[in-house]
Amino acid sequence: MDNEERGYVPSDVEQKWQTRWDERGTNAFTVEELRTAENPFYNLMMFPYPSAEGLHVGNIYAFTGADVHGRFQRLQGKDVFEPIGFDAFGIHSENFALKVGTHPMDLIPSNVKNFTRQLRRIGGMFDWDHAVDTTQPDYYRWTQWVFLKLFEAGLAERKEAPVNWCPSCMTVLANEQVVGGLCERCDTPVEQRRIAQWFFKITQFSQRLLDNLETIDWSDTTTKAQRNWIGRSEGAELAFPLIPIAELGERDSRPDAIDPEAVHLTDEAHTIRVFTTRPDTVFGATFMVLAPEHPAVDFLTTDASRAEVDAYRQKAAGSDLVSRQKTDKEKTGVFTGGYCRNPATGEAIPVWIADYVLMDYGTGAIMAVPGHDERDFEFATEFGLEIRRVVARKDEDADTPLEEAAPGDGRLVNSGHFDGMPKAEAIRAVTEWLGERDLGELQVNYRLHDWCISRQRYWGPPIPIIHCDSCGAVPVPESDLPVILPRVEDFRPDDSGISPLARVEEWYQVDCPSCEGPARRETDVSDTFLDSGWYFLRYPSTDSEGVAFDPEITKRWLPVDTYIGGNEHAVLHLMYSRFLTMVLKDLGHLEFEEPFTRFRAHGLIIREGAKMSKSKGNVIVPDPIIEQYGADTFRTYLMFLGPFEEGGDYQDKGIEGPRGFLHRLFDTAVNAEDREPDADVERKVHQTIEQVTQQIPELGYNTSIAAMMECLNVIRAGGRTAARAEIEPLVVMVAPFAPHLAEELWERFGHEESIFEGRNWPEFDAEKAAENSVEMAVQVMGKLRGTITVPVDTDQESAVAAAQAEENVARHLDGKTVRKVIHVPNRMINFVAN
RNA sequence: GCCGGGGUGGCGAAACGGUAAACGCAGGAGACUUAAAAUCUUCCGGGCUUCGGCCCUUGCGGGUUCGAGUCCCGCCCCCGGCACCA
């Protein structure tokens, strides 16, 4: 063979194998195969949003890591289904389309085309026959179907809720577009407007979403994030009776004394309920604070305070998110003029409103215990309200002054017959005591909010509902799906704050499916997270036209075996997917309720110690690198530069290491001789097999590659030529990282089938890997004083003798008495001596 | 503030409680080259050294242990996320 024929030219090799994989259908499953696969393994990665910039190195990192996993499983004999798709509906695409002035229907296909080209080029084992594009009617038809299922189950509800409004752009913003309370585009403070929107009642599933976390194998960081997001907290709901002003008598000596006639109590509202995690401190509740939006404010407010209250409420309602969300700002608030009774002390306490109390958590009302809550303390200090101690630590008593809020542990004081009771016990006891009068009960609260899926935008699947004056909200019949998103040239949201579709009369004017009278389509589209909340169900069933997902195929392939993705989706996407899966299970469409058996979050890539960003101009552009080094080298380097689950620092020159490794591997393999392997080399090879086989499924990619490099160094040591049996296992083990190179060498070894077609992973042989001698460390008083080489499994007596014979060891033991010997077989000996 | 994840050579990083720095980058020296590239060999944490070795070193301070980068307690710093959740 001459040099030209033998040399490793990555681009040629990669081109050759990508073409051949396509021709042979190596990566694609037929419907028949999907129905009959014997060792199904569903290997999923988070599908990308196809931006105009093309594939980001972060995408490539994630996909390569997932692909390595899939290819490894395939080499182990699994039928690995590894689909890919495009998450192209939604705000990102729409905003970009607005920016460049191209219609998303024109823009997206070219982005998808470019992504497809790049994804093919990196050599992922993608099944292109089962790709999914969320913007296609044959996909979003089923997204709309999912909505209908939730609607039928009573889990979709329309209610008023605030939307983010940018007064400068005059447009509705998605939460993602609000950064620190400011519009991401123009930095204008975002306001809130209330409009009717669709919600999915995910909060009904809070406890289940929490409990199930115990049953799935996910990255710890991700389960913790989910747990946090659900935010379970245990406490009590307590009732504070309202007091008609007349009863106050002379208690209140304010100059603006309250007009009894001004207090209006309705029968349903004799009390205000609060949620607290510290019912034990109720004796210290010296005032109450309501969220400005709280409905009770209306009838609590007296004529004297009305003007001030209204002004405050108005300000809070229009208030931009920045100032309301700032935790370090000074507390503001207004006294309503009304009072309620502390159910424990019987005292009348004033009711205030303040924006630090949020309407959408708990009951929208709190009992303020300034002595033992920081925020209440601050508020009380600001407005001169009473601060009372009701909990004391050991070194304190009932009269110890409070310099600051004391939220910690202790025993009750100033709390009637509960005095002296420890906090934990009191939480129960006080609640029970109030419960006897129907004024309290233990209660669990969650931070999780219902999922608002309405978007007053254009680029998304229309919500399949028709509003009829006589029938109300009527679901579009399933047979009428999909509700096609019409092509609208002017898709910019405008200052009306309603969806662009609301301007397309010929589209929204329809007959009511129920009464056939004139009706109007819902003109909001759904959240992009709804598209991505079920896509993994569609992949294996893209051949099925009449159903969202084929029951038989779904049963065989789902739940997903391994899902790999970024932690930026640790809460929303993963939570919504879990929720939808639970609902579909309850409705009898699925047999499992957790979609992803195993989830692993990958880390982030930075470059030369700095975060990559367009503004810094330090973004890695993959195409030129792949052109210069080839996809195999790029993949291997990405996997080598740090632990996959932690990410790493991309150093431009670092790629030279893996490049040299793959070239040497190629060179060694093509020059290998047909002869018996050398025992020492074979030992190293089998030790490497053991290590790599164990580490790859754990995503220990960087150390696996290091081990293979080390192994190759041993094989080539002193310029020796390899025996084929020495190098072939290494070629297979490198295949998940450098699939094209491995295929090429596999073929040159004389195999006719693809390396990925069979169970070709090398078998570990413990006997061949076994060492016959080991180097042991010898310590004296825990300090290394020498090493000895002894046969494996040398007993303590012989090892000690050998150690003592070591010159340097002997010197350190000289004149000392050995008190104790620590012997760790095959590792070390430590003489404890003095 | 709260919740995660981290602090180890010049750099990216390794290390079941057991020889810290494997593997790689950068760098030094050398070989092959007319030369360069590529390739190969070799050195490479710091300080002493009588060349046998000795001492120091995993963000800081304590502790447990025969032995701690690793476990425990208390701090400091960096990165990411959440943010008045009662």
Side-chain angles (χ1 to χ4, degrees), chain A residues 180 219-225 227-229 231 233 235 274-278 281 289 291 324-329 331 354-358 360-369 372-376 378-379 407 445-449 567-568 570-571 601 603-604 606 608-609 611 637 640-643 645-661 663-664 667 700 702-713 716 718-719 775-787 807-808 811-812 819-824 826-833:
Chain A
S219 289
D220 222 37
T221 54
T222 315
T223 21
K224 276 179 183 150
R227 220 168 249 127
N228 240 313
W229 192 257
S233 66
V274 301
F275 174 72
T276 175
T277 53
R278 294 293 305 276
T281 62
V289 188
R324 178 140 187 193
Q325 284 180 355
K326 273 234 171 78
T327 56
D328 53 356
K329 72 160 184 175
K331 294 275 182 290
D355 64 5
Y356 82 93
V357 176
L358 310 172
D360 56 8
Y361 182 79
T363 61
I366 62 159
M367 64 176 203
V369 185
H372 305 282
D373 179 279
E374 279 176 39
R375 295 150 301 178
D376 298 344
E378 221 183 293
F379 191 83
N445 247 300
Y446 303 88
R447 291 174 80 144
L448 187 67
H449 284 53
N567 241 342
E568 70 273 16
V571 281
L604 297 177
I606 56 170
E608 310 276 353
K611 208 173 153 180
Y637 177 46
F640 179 64
L641 52 73
E645 288 174 89
E646 282 165 39
D649 189 355
Y650 187 99
Q651 302 187 332
D652 294 0
K653 290 218 162 170
I655 195 170
E656 291 296 342
R659 191 197 64 81
F661 166 64
H663 276 83
R664 284 192 292 278
D667 194 54
N702 57 333
T703 48
S704 291
I705 293 167
M708 290 190 281
M709 286 172 166
E710 212 178 319
C711 184
L712 184 64
N713 291 345
R716 291 168 54 92
E775 195 179 69
M776 292 177 70
V778 182
Q779 299 178 347
V780 177
M781 294 302 286
K783 282 194 188 281
L784 183 71
R785 295 304 177 191
T787 58
E807 197 190 320
N808 197 40
R811 198 171 61 237
H812 281 274
R819 305 279 173 201
K820 194 174 167 188
V821 175
I822 312 284
H823 174 238
V824 182
N826 298 326
R827 291 212 144 249
M828 54 82 65
I829 287 175
N830 185 14
F831 293 102
V832 184

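The structure presented is a predicted model; accordingly, all values stated were derived computationally and were not measured. Naming convention: chains lettered A, B, ... in sequence-line order (proteins, then strands); numbering from 1 in each chain. Atoms considered below: every heavy atom in the structure, side chains included; atoms not considered: hydrogens, waters and symmetry mates.
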Separation of [N] [atom2] from [X] [atom1] (nearest whole Å):
X         : N      : atom1 : atom2 : answer
His823(A) : G67(B) : NE2   : P     : 19 Å
Met708(A) : A22(B) : CE    : C1'   : 15 Å
Leu604(A) : G4(B)  : CG    : P     : 18 Å
Lys224(A) : G81(B) : NZ    : P     : 18 Å
Phe661(A) : C40(B) : CZ    : P     : 13 Å
Met776(A) : G67(B) : CE    : C1'   : 14 Å
Ile829(A) : U19(B) : CD1   : P     : 14 Å
Glu608(A) : C25(B) : CD    : C1'   : 10 Å

message = I'd like to check the side-chain contact (heavy atoms from CB on, under 4.5 Å) partners of Glu656(A); sequence neighbours left out, ordered by chain and number.
response =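 Glu656(A): side-chain contact (heavy atoms from CB on, under 4.5 Å) contacts with Tyr629(A), Arg659(A).
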Non-hydrogen atoms of [X] and [Y] that approach each other most closely:
X         : Y         : value
Phe379(A) : Ala354(A) : CE1-CB, 3.6 Å
Ser233(A) : Phe275(A) : O-CZ, 3.7 Å
Val571(A) : Ala225(A) : CG1-O, 3.4 Å
Ala368(A) : Asp376(A) : CA-OD2, 3.3 Å

Could you tell me whether [X] contacts a base, only the sugar-phosphate backbone, or nothing, with contacts defined as non-hydrogen atoms closer than 4.0 Å?
X         : result
Arg664(A) : sugar-phosphate
Thr277(A) : sugar-phosphate
Asp360(A) : nothing
Glu775(A) : base

Polar pairs (N or O, both sides) under 3.5 Å between protein and nucleotides 46-56 of chain B?
unit_1	atom_1	unit_2	atom_2	d
C54(B)	OP1	Arg785(A)	NH1	3.0
C54(B)	OP1	Asn808(A)	ND2	3.3
C54(B)	OP1	His812(A)	NE2	2.7
C55(B)	OP1	Arg785(A)	NH2	3.2
C55(B)	OP2	Arg785(A)	NH1	3.0
C56(B)	OP2	Lys783(A)	NZ	3.4

inquiry  = When you measure only distances, ignoring hydrogens and angles, does the side chain of Lys331(A) come within 3.5 Å of the base of C84(B) through a donor and an acceptor?
reply    = yes
query = Would you find a donor on one side and an acceptor on the other, under 3.5 Å apart, between the side chain of Arg785(A) and the backbone of Arg811(A)?
reply = no
query = Taking Thr363(A) for the side chain and Ala365(A) for the main chain, is one N or O donor matched with an acceptor at less than 3.5 Å?
reply =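 Here the side-chain-to-backbone pair exists.
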ask   = Would you call Arg278(A) and Asp373(A) a side-chain contact if the rule is heavy atoms closer than 4.5 Å?
value = no
task = Compare all side-chain heavy atoms of Glu608(A) with those of Gln651(A) and state whether any distance is below 4.5 angstrom.
result =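 Glu608(A) vs Gln651(A): side chains touch.
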Detail all sub-3.5 Å separations between protein N/O atoms and N/O atoms belonging to nucleotides 7-18 of chain B.
unit_1	atom_1	unit_2	atom_2	d
C11(B)	O2'	Gln651(A)	NE2	2.2
G12(B)	O4'	Gln651(A)	NE2	3.3
G12(B)	O2'	Leu641(A)	O	2.8
A14(B)	OP1	Asn702(A)	ND2	2.8

task = Measure up the Tyr650(A) and Tyr637(A) rings against each other and bin them: parallel (under 30°), tilted (30 to 60°), perpendicular (over 60°).
result = perpendicular
request  = Could you check Asp376(A) against Ile655(A) and say which one's nearest nucleotide on RNA chain B is further toward the 5' end?
outcome  =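 Per heavy-atom nearest nucleotide, the more 5' residue is Ile655(A).
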remark   = Judged by nearest nucleotide, the residue sitting upstream toward the 5' end of RNA chain B, Lys820(A) or Glu710(A), is Glu710(A)
task = Please state whether the phosphate of C40(B), meaning OP1 or OP2, lies under 4.0 angstrom from any side-chain nitrogen or oxygen of Arg716(A).
result = yes
message = For Met709(A) and Ile705(A): C-alpha separation, side-chain torsions, deciding distance, then whether side chain to side chain contact (heavy atoms under 4.5 Å, CB included) applies.
response = CA-CA 6 Å; Met709(A) 286 172 166; Ile705(A) 293 167; 4.0 Å; yes
inquiry  = With syn defined as a glycosidic angle within 90° of 0 and anti as the rest, where does G28(B) land?
reply    =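 Chi for G28(B) falls in the anti range.
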remark   = Its glycosidic angle compared against 90° from 0, G52(B) adopts the form syn
Spacing of the [atom1] atoms in [M] and [N] (rounded, Å):
N      : M      : atom1 : answer
G67(B) : U57(B) : P     : 16 Å
U19(B) : A36(B) : C1'   : 43 Å
C16(B) : G69(B) : P     : 13 Å

task = Kindly point out which of G5(B), A86(B), C3(B) is positioned nearest to the side chain of Asn228(A)?
result =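 The listed nucleotide nearest to Asn228(A)'s side chain is C3(B).
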query = Which of the following nucleotides, C3(B), C23(B), C82(B), is nearest to the side chain of Met709(A)?
reply =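 So the nucleotide nearest the side chain must be C23(B).
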